[in-house]
Amino acid sequence: MALSMTPEDFVRRLEQLSEEGGIPFARLRLLANAETAFKREMGQYKGYAALSNASKCFFLETVERFNREIRPEVTTLLASDHAMYFEKIVHSFQSLRAAEVAALNGYPLQGYTILRNVSDNCVLASGALQGLTNFERLEGILPGTVVDPKTVKHNRKTEEQLVRRQMDGKDSGLPTATLDLLRTLDELYDAETHGARLSLSQSTGWLKGKEPLTVTPKFLEFKASIFINRYLEVAWMAHRLLPLVQPPGLRLAPEWAAKWKTIDESFGIAVMSVTKQLGKPIGGAVCEFVRAKFPFNSKSEFPK
């Protein structure tokens, strides 16, 4: 039977459950302090922070410039696909930021799972912008077909599989070695997204009865590095899609293009450093994939 109480009584009743020394929820300081300490540790990755901040700033500037420089010049209604694309790139930006906020505050592998979805969306969007499909088809909306949830879901999955085969699958034209490395990344994403296996692998001591189970965030370089590397790769994909906000025949200012190029080159350097500095081939594979399958530059425009 539901209790009848005022909102104030509702809050007070819960606060009294954890009151320590007259301070409600005082134990949460343990959590807050651990998150703050984790964020300080993440501050050591200054190259990542500089590039991430520059790319976020540039995205915000791009939206401002679009509204200020391009919108007034648009004399005809933009294609519906352009609106859908713009919506998707904004969602990718917000998701990248959400992943980063989680990671910086102690939850990098939880943020890592968000990156999986952003990566998939960027790959599919790039396919659409290259004419492999269009944004309506990616939503499962096909001309002449019934629009109902079951049909739309089936159409969407079929279309996504078709595009992925051409982007990073057997019909992509990429070398087998590169596809194998990309598949390894995909399997790592799956391992954490479905079952949290990367997270649980950090609890071996607990499972063996040798260590307490860590509940509050604890900094581990493995967790930080796997998030940072994947974040830079996915953020680079999103950055490469950004010039397509420019409608046919309308360009943003030259200084915008120069900034885009600098950030693009910086992403390439950062991603390739995994190979050059650490000797891991995945950096080179991702660079090859992004340059081949996101073949855009500052002069790219939304397709007619």
Side-chain angles (χ1 to χ4, degrees), residues 42 44-59 62 89 92-93 95-97 99-100 103-104 108-109 111-127 129-130 164 167-169 172-190 192 198 221-244 258-298 300:
M42 290 292 285
Q44 68 184 287
Y45 301 104
K46 299 189 184 302
Y48 147 74
L51 181 49
S52 174
N53 289 338
S55 66
K56 291 194 295 285
C57 238
F58 182 75
F59 183 93
T62 300
I89 198 69
S92 292
F93 170 79
S95 296
L96 281 166
R97 181 56 180 158
E100 188 175 49
L104 291 176
L109 292 181
Y112 174 79
T113 63
I114 298 175
L115 296 180
R116 168 62 180 272
N117 191 49
V118 184
S119 175
D120 288 347
N121 287 340
C122 285
V123 171
L124 293 172
S126 181
L129 292 165
Q130 294 177 74
R164 292 304 292 254
M167 290 293 289
D168 56 357
S172 66
L174 294 170
T176 300
T178 300
L179 291 176
D180 288 344
L181 288 165
L182 295 177
R183 194 172 300 113
T184 298
L185 280 187
D186 198 53
E187 289 168 355
L188 283 171
Y189 273 130
D190 276 343
E192 182 63 20
L198 298 180
E221 188 174 0
F222 161 75
K223 292 183 178 181
S225 63
I226 195 171
F227 173 81
I228 287 172
N229 289 335
R230 300 294 83 78
Y231 176 91
L232 293 175
E233 293 162 3
V234 180
W236 190 17
M237 296 179 199
H239 181 74
R240 281 243 158 173
L241 296 176
L242 198 49
L244 281 299
K259 289 182 181 180
W260 184 91
K261 185 172 184 291
T262 297
I263 295 172
D264 181 66
E265 290 173 348
S266 299
F267 272 122
I269 292 169
V271 172
M272 192 62 189
S273 69
V274 174
T275 297
K276 287 190 172 182
Q277 296 179 17
L278 302 178
K280 297 181 179 180
I282 190 62
V286 172
C287 282
E288 181 180 14
F289 169 67
V290 172
R291 288 179 175 133
K293 297 301 179 177
F294 291 74
F296 310 115
N297 57 52
S298 63
S300 297

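For clarity, every value in this text was computed on a predicted model and none was experimentally measured. Nothing fancy with the numbering, it's 1 onward along the sequence.
At a threshold of 4.5 Å between non-hydrogen side-chain atoms, the residues I226 and P108 do not count as touching. At a threshold of 4.5 Å between non-hydrogen side-chain atoms, the residues D120 and R164 count as touching. Inter-residue side-chain proximity for W236 and R291 is flagged as met; some heavy-atom pair is nearer than 4.5 Å. R230 has its side chain within reach of L185: a pair of non-hydrogen atoms, C-beta onward, lies under 4.5 Å apart. Looking only at side-chain heavy atoms (C-beta outward), K261 and S298 stay at 4.5 Å or farther from each other. Side chains of L51 and I269 form no contact here, defined as non-hydrogen atoms less than 4.5 Å apart.
Minimum heavy-atom separation, C287 to V271: SG-CG1, 3.8 Å. Between P295 and R240, the shortest heavy-atom distance links the atoms CA-NH1, 4.5 Å. Summarising the geometry of S273 relative to A270, their closest heavy-atom pair is OG-O, 2.5 Å, with the distance given to 0.1 Å. When all heavy atoms of L179 and S172 are compared, the pair lying nearest together is CD2-OG, 3.6 Å. Minimum heavy-atom separation, S300 to L244: CB-CD2, 4.0 Å. The minimum heavy-atom distance between L241 and A125, with the atom names listed, is CD1-CB, 4.0 Å.
In this structure, OG in S55 is found 8.0 Å from CZ in F93, a value given to the nearest 0.5 Å. Rounded to the nearest 0.5 Å, atoms CD1 (I114) and CG (L109) are 11.5 Å apart. Annotation: the span from N117 atom CG to S95 atom OG amounts to 6.5 Å, rounded to 0.5 Å. Note that CG of L182 is 6.5 Å distant from CG of D168, once rounded to the nearest 0.5 Å. Between atom OG of residue S52 and atom CZ of residue R97 there is a gap of 7.0 Å, rounded to the nearest 0.5 Å. Distance check: L96 CG to H239 NE2 gives 12.5 Å after rounding to the nearest 0.5 Å.
Side-chain atoms of W260 do not come within 3.5 Å of backbone N or O of F58 as any donor-acceptor pair. A donor-acceptor pair under 3.5 Å is formed between the side chain of T275 and the backbone N or O of G284. For the pair S126 (side chain) and K293 (backbone), a donor-acceptor distance under 3.5 Å is present.
Between Y112 and Y189, the distance separating the two ring centers is shorter than 6.0 angstrom.
Between F289 and F294, the ring-plane angle classifies as perpendicular under the 30° and 60° cut-offs. Taking the six-membered ring where the residue is Trp, Y48 and F227 present perpendicular rings, their angle passing 60° and hence far from 30°.
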(Q) Could you walk me through whether T184 and I282 satisfy the side-chain contact (heavy atoms from CB on, under 4.5 Å) test, starting with their C-alpha distance in whole Å, then the side-chain angles of each, then the deciding distance to 0.1 Å, before giving a yes or no? (A) CA-CA 9 Å; T184 298; I282 190 62; 5.8 Å; no
**Q.** side-chain contact (heavy atoms from CB on, under 4.5 Å) evaluation trace for L115 with E233
**A.** CA-CA 10 Å; L115 296 180; E233 293 162 3; over 6 Å; no
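For CD of E221, the number of neighbouring non-hydrogen atoms (other residues, nucleotides, ligands) closer than 6.0 Å is 12 at most.
With respect to R183 and D186, no salt bridge is recorded, no charged nitrogen being found less than 4.0 Å from a carboxylate O. Between E192 and R116, no side-chain nitrogen of the basic residue sits less than 4.0 Å from a carboxylate oxygen of the acidic one, so the salt-bridge criterion is not met.
Residues meeting the side-chain hydrogen bond (donor to acceptor under 3.5 Å, both in side chains) test with K259, sequence neighbours left out: E61.
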